[in-house]
Amino acid sequence: MAFTLSGDDVCQITHPSPIPNPYWVAFSSSAAKLIGVELSHNGLPIDPAWLEICAGNSLTTLTHQFTSPLATVYSGHQFGVWAGQLGDGRAILLGDIEGQELQLKGAGKTRYSRMGDGRAVLRSSIREFLCSEAMHSLGIPTTRALSVVGSEMPVRREIIETAAVCTRLAPSFLRIGHFEHFASLEDTSRLKELADLLIRDHYPECQNTAKPYLELFKQICVRNAELVAQWQAVGFCHGVLNSDNISAIGITMDYGPFGFMDQFQIDHICNHSDQGGRYSYHRQPQIMRWNMACLASAFLPLVELNHESNDAQTLLRDALEEFAVVYTKVWQSLFRKKLGLMTAQDGDIRLIERLLQAMHDSRVDFTYFFRQLSQVRQEQEAQTIALRDHFLDRELIDRWFTDYIHRLKSEMSSDEARQRAMNLVNPKFVLRNHLAQVAIDKAKQHDFSEIQTLFKILTSPYDEQIEYDAYAMPPPPDIERVEVSCSS
Ligand code: AMP
Ligand code: MG
């Protein structure tokens, strides 16, 4: 656990603030397995103390005692601007179980709450819960969610809502912002302690290298480049890629105004508060790289420990160049797989780009299209492919399908084998905003059944689950667009 670092300048013992009459809103049995929580036949913990723990009302279960709950300090760049000191304003780290840190989000004020109330509302906690578990099931690195606990305690946002606590799990909640914090204070010894712990616990491969901190920087870049490529491949927009929301171990974290795209739009903005579109879909890779550049600045004093200062800068700059190389390689590989291309051939990238442009021009549903694409058969004529009807320019898409089929034939793979492979990478089900909204609206009426249904569907996103076909469909055109903002 990284915060074995002691000292008031790093973290502060912070007890959760209780909520009245807590109740389970959602619980992930698969996350519970990670930390060995014993469950009864209804899928909830046998030990009732877990409800009190996950509510922030107690620190002891039959088997665990959390003696030093913590809130940590970090800093960061928000929307491209240095924001100075931030910190866990509403997150409290309870402790470690079996290599997972257990963190309550929304458990009350901490030293770093600034003007905030330290709380989270039911709506955003349900979204975080469902998306964390859905992402994990998609095979994308992420913080996990153990539970959401609700209470009738009122919380003021644009309107009065009710409080909830989301219990999150991760091997580490360290962020780029933790490093930026100590770098901004020119506290190289703290910076070094943090980097050494990160290497020890999460990047042991860097330990015995000639330049461990440079190597660590490179590996953080690699993991985050891979991560953002995976987001692009499932049409996921994070919404707030501030450096304090970027993980030091390359996992998706801090779910807020995120969104899976329905209609494909290259410059789609999922966060209603992001007026300039800084965090729009097509900018995510360059923004992640920008965050890695922030990390490079923070790492400069560490890399300088073993090098001349000019040398250190060049080394970090060169290492940063690798970000684009890794990202491009992973992106190309993922999109080839989405198209069912088993080999790499010249012209593949042009083929992918032509498709994405056509999808953008016609605002084709991203998830639905790629899932259905596996049904194309090599003997088909373009004009007989049902998916062509989703495009405005039929001639253009017919030309594309003709070229695609020609390309498929160059591989000699069977339609069946390709379909199986494609269905393992193109999810049938993602957490569409309108689906989450139905579950939230019901939960506000104390009906949690839709959360359970979505949880079940989204934790097997590549399976057919034909009884849930309606959940795989694009939102009906007359449905009101769900707007999500930073308010959570
Ligand atoms: P976010 O945009 O959610 O990543 O939050 C940015 C910073 O504000 C983080 O340091 C959060 O801990 C803090 N924060 C967000 N919402 C609250 C809240 N309701 N109370 C206290 N701090 C908050
Ligand atoms: Mg955050």
Side-chain angles (χ1 to χ4, degrees), residues 2-3 5-14 70-93 103 105-120 124 143 157 172-195 197-198 213 217 220-221 224 238-249 253-257 271 273-279 283-284 286-304 313 316 320 485-488:
F3 289 95
L5 279 192
S6 56
D8 210 29
D9 57 329
V10 185
C11 55
Q12 198 186 37
I13 301 278
T14 308
L70 302 173
T72 73
V73 68
Y74 52 81
S75 294
H77 286 84
Q78 299 186 314
F79 287 87
V81 180
W82 176 245
Q85 184 189 305
L86 303 162
D88 295 325
R90 53 172 171 172
I92 296 175
L93 202 56
Q103 192 189 63
K105 181 170 174 179
K109 282 190 188 164
T110 74
R111 181 204 261 190
Y112 312 107
S113 298
R114 298 177 294 160
M115 309 298 282
D117 56 8
R119 291 298 176 188
S124 61
T143 57
R157 293 294 180 262
S172 168
F173 284 94
L174 271 185
R175 301 146 193 274
I176 301 312
H178 281 109
F179 290 92
E180 287 182 288
H181 179 74
F182 294 107
S184 74
L185 299 176
E186 297 181 19
D187 188 342
T188 307
S189 90
R190 280 297 193 202
L191 203 57
K192 185 173 176 310
E193 277 183 85
L194 214 52
L197 282 171
L198 189 61
Y213 302 120
F217 173 73
I220 296 174
C221 284
N224 278 302
H238 179 285
V240 198
L241 290 177
N242 293 337
S243 61
D244 55 302
N245 289 340
I246 307 294
S247 158
I249 59 167
M253 77 188 307
D254 278 15
Y255 292 91
N271 175 0
S273 319
D274 180 13
Q275 275 143 7
R278 178 178 168 84
Y279 299 137
R283 287 208 180 130
Q284 294 193 117
Q286 77 195 61
I287 289 292
M288 186 62 95
R289 184 193 178 279
W290 190 89
N291 283 311
M292 293 302 110
C294 294
L295 182 66
S297 305
F299 262 51
L300 193 56
L302 289 178
V303 178
E304 277 172 0
Q313 264 194 11
L316 281 162
L320 187 60
S485 71
C486 283
S487 156
S488 61

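All values below come from the heavy atoms of this structure, side chains included, with hydrogens, waters and symmetry mates left out. It should be emphasised that the depicted structure is a prediction, and the values quoted were computed from it without experimental measurement.
- Ser247 is linked by a side chain to side chain contact (heavy atoms under 4.5 Å, CB included) to Ile249, Ile251, Met253, counting only residues two or more places apart in sequence or in another chain.
- Every residue meeting the side chain to side chain contact (heavy atoms under 4.5 Å, CB included) condition with Asp244, not counting sequence neighbours, appears here in chain and number order: Tyr74, Gln78, Leu86, Asn242.
- For residues 106-115, the pairs satisfying salt bridge (charged side-chain N to carboxylate O under 4.0 Å, His left out) are Asp8-Arg111, with sequence neighbours left out.
- Under the side-chain hydrogen bond (donor to acceptor under 3.5 Å, both in side chains) criterion, Ser243 pairs with Glu180, sequence neighbours left out.
- Under the side-chain hydrogen bond (donor to acceptor under 3.5 Å, both in side chains) criterion, Asn291 pairs with no residue at all, not counting sequence neighbours.
- Scanning for side-chain hydrogen bond (donor to acceptor under 3.5 Å, both in side chains) contacts around Arg175 gives Asp254, with sequence neighbours left out.
- Not counting sequence neighbours, His181 has no partner by the ring pair (Phe, Tyr, Trp, His ring centres under 6.0 Å) test.
- By the side-chain hydrogen bond (donor to acceptor under 3.5 Å, both in side chains) test, Ser273 is found to be paired with Asn271, residues two or more places apart in sequence or in another chain being considered.
- Among residues two or more places apart in sequence or in another chain, the side chain to side chain contact (heavy atoms under 4.5 Å, CB included) test is passed with Gln313 by Leu300, Arg317.
- For Glu193, the salt bridge (charged side-chain N to carboxylate O under 4.0 Å, His left out) partners two or more places apart in sequence, or in a different chain, are Arg190.
- With sequence neighbours excluded, the residues satisfying salt bridge (charged side-chain N to carboxylate O under 4.0 Å, His left out) with Asp117 are Arg157.
- The side chain to side chain contact (heavy atoms under 4.5 Å, CB included) test applied to Ala248 returns Leu174, Phe179, Leu198, not counting sequence neighbours.
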